[in-house]
Every structure is written in structure tokens, then in C-alpha cells.
Amino acid sequence: KSAGGARKNLISLLESANGKGLSGVPTLFDLKQDFSLGTWADDARYLERVLPILSKSPAVSFIDLKNESDLDFKYHGRAKIMAWLKTVIGMSRLYASEKSLTIGWSTSDFAPLLADELDVITYHDYAPIGETNGRLAAVKDQIGDAPVLITEIGDSTFEVTLGYPGSEGQQAERLANRLDALNSAD
């Protein structure tokens, strides 16, 4: 599909969501394969095309610039990923200054990274349920006043002895337990 057609589809999606009273958090970069300097210009053009659309939409709560960047450290090097993230944050401020920005880290361990440059701190919580409140409290203690949100949760129903997939009932029960743990958190 052409870039123009994709932008029209994005506008239509956001207008439809807004018309139904929905809002969301779009993630711009996920499963990015190449962080070499040669790709940064393409990323800048992408941000220039997409961010003004997202910025104007009341259906966008805030913008997640990169999903689970910490998982890229191992394959691309932490320094390169951090430099790319800082560059993307800077460019995003140019095109979407009205919208809050975040990076959805894969665990609470990385959530404080770049906290001073982001508006919302987000991470994903798939770790043991019993430690949910402690992880959230630790992140809040490290980052100060910025809002902290857990934007992905889950609990696998895979059991080595029972096989995969587990039942829908098992998954619903485990998800309910995770939500209960989060509801008791601050």
C-alpha cells in the first residue's frame, strides 16, 4: 500500500476510534531489525509522516516510540540502541510536541532508563505475580513524579507436563489473578 493510502487509513482508524469514545497508545517501532546509522534517515521520514497525524488525534492517549528496546541491547549493543532512542525522542518532540511519549520496556528493570526524557514510564509485567507491587513501587521510587503504567501483562498457561496451549479457563484465571495483583498496587 502507498504511504498516502496508509496515512489515510491511519486517519480513518483514529477518527473511528474517537467517534466510539476509544483511545489508545500506538507503538511506532517494533521488531526493528536494523539500527545502523544508514536507517536513521528513513526512521526520521517515518516520524515526520506519522507523528503529526497521531499528535492531532484525541484518540491517541500517548505514543510508545519503541516496543521492548531493552531486548535489542543483546543483538545491536546498548550504546547504539540508547543513541537511536535519544534521537527518536528528539525528533518526536519536533513533530508531536503536544503528545506524551514513552518507551515500553520489557521489564521493570529497564523502566527507569531515559525516564528524564519521557513523559510516561511504561513497562511490561510477565514476572511472578507475587512481586508485582514491589516491582511497581521500585520503579516509582526511581523515577520521581512521572506516571508509571504497566502496558502489557500476561501469564503463560504452558506447562511442560501438561503441554500447550492451556485451556481458555486457565488463561482467564491467571489473567484475573494478575489483574487482582495490579488492582491492589498503587
Side-chain angles (χ1 to χ4, degrees), residues 1 3 6-7 10 13-14 23-55 57 60-128 131-156 158 178 182 185:
K1 193 160 247 228
R7 284 193 299 272
L10 176 59
L13 173 70
L14 293 170
S23 63
V25 180
T27 301
L28 299 187
F29 293 96
D30 192 13
L31 303 175
K32 183 171 169 53
Q33 298 297 310
D34 187 358
F35 290 89
S36 65
L37 285 174
T39 67
W40 293 23
D42 289 339
D43 296 340
R45 282 189 291 279
Y46 170 72
L47 293 171
E48 184 178 15
R49 289 189 309 265
V50 172
L51 285 174
I53 295 167
L54 298 177
S55 182
S57 176
V60 174
S61 298
F62 56 93
I63 300 167
D64 183 349
L65 298 174
K66 173 68 175 79
N67 189 44
E68 300 184 338
S69 296
D70 49 304
L71 298 181
D72 297 315
F73 291 167
K74 180 179 177 182
Y75 301 103
H76 302 284
R78 184 176 177 141
K80 184 186 290 185
I81 299 304
M82 294 298 287
W84 181 84
L85 288 170
K86 288 180 181 186
T87 301
V88 167
I89 291 168
M91 287 186 288
S92 297
R93 297 276 182 221
L94 294 173
Y95 302 118
S97 60
E98 309 83 32
K99 290 292 181 186
S100 295
L101 303 175
T102 193
I103 295 167
W105 301 101
S106 73
T107 70
S108 62
D109 296 338
F110 294 97
L113 291 180
L114 300 173
D116 57 335
E117 297 185 40
L118 299 167
D119 306 299
V120 180
I121 307 308
T122 61
Y123 68 92
H124 308 156
D125 197 301
Y126 295 93
E131 300 161 17
T132 298
N133 292 349
R135 285 187 297 273
L136 181 57
V139 171
K140 286 181 164 191
D141 285 345
Q142 292 178 59
I143 60 99
D145 294 332
V148 178
L149 300 171
I150 299 171
T151 53
E152 282 186 25
I153 61 170
D155 201 319
S156 176
F158 177 79
R178 176 132 345 238
L182 290 170

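Numbers for residues simply follow the sequence, beginning at 1. Values in this document were obtained by computation on a predicted structure and should not be read as measured data.
Rounding to the nearest 0.5 Å places CG of L51 at 8.0 Å from CG of L101. Note: H76 NE2 to F35 CZ = 5.0 Å, rounded to the nearest 0.5 Å. Atom CG in L182 sits 5.5 Å away from atom OG1 in T132 (nearest 0.5 Å). Interatomic distance, OH of Y123 versus CD1 of I150, reported as 3.5 Å (0.5 Å rounding). Note that the CG atom of D64 and the CD1 atom of I103 stand 8.0 Å from one another [nearest 0.5 Å]. To the nearest 0.5 Å, atom CG of residue N67 and atom CG of residue L65 are 11.5 Å apart.
Proximity of H124 to T151: side-chain heavy atoms (C-beta onward) are separated by under 4.5 Å at one or more points. Between M82 and F73 there is a side-chain heavy-atom pair separated by less than 4.5 Å. For the pair L54/L28, a side-chain contact is recorded, criterion being any heavy-atom separation below 4.5 Å from C-beta on. Within the 4.5 Å cutoff, no side-chain heavy atoms of Q142 are placed close to those of I121.
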* For the pair L113 and R78, evaluate side-chain contact (heavy atoms from CB on, under 4.5 Å) and give the outcome as yes or no after the intermediate values. => CA-CA 11 Å; L113 291 180; R78 184 176 177 141; 3.2 Å; yes
* To do: Could you go through the side-chain contact (heavy atoms from CB on, under 4.5 Å) check for E152 and Y126 one step at a time?
  => CA-CA 8 Å; E152 282 186 25; Y126 295 93; 2.8 Å; yes
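Applying the side-chain hydrogen bond (donor to acceptor under 3.5 Å, both in side chains) definition to pairs two or more places apart or across chains, those involving residues 105-114 are D70-S106. Within the structure, side-chain hydrogen bond (donor to acceptor under 3.5 Å, both in side chains) contacts touching residues 92-101 (residues at least two apart or in different chains) are S55-E98, R93-D119.
When all heavy atoms of M91 and A44 are compared, the closest pair comes out as SD-CB, 3.3 Å. Residues K32 and D34 come closest through the heavy atom pair NZ-O, 2.8 Å. Between S69 and I81 the shortest heavy-atom distance is O-CG2, 3.9 Å.
Note on R178 versus D125: salt bridge recorded, some NZ/NE/NH1/NH2 to OD/OE distance being below 4.0 Å.
For R45, the salt bridge (charged side-chain N to carboxylate O under 4.0 Å, His left out) test picks out D42, with sequence neighbours left out.
Although no hydrogens or angles enter the test, the distance criterion places no donor-acceptor pair under 3.5 Å between the side chain of S23 and the main chain of S61.
Side chains of D43 and W84: a donor on one and an acceptor on the other come within 3.5 Å.
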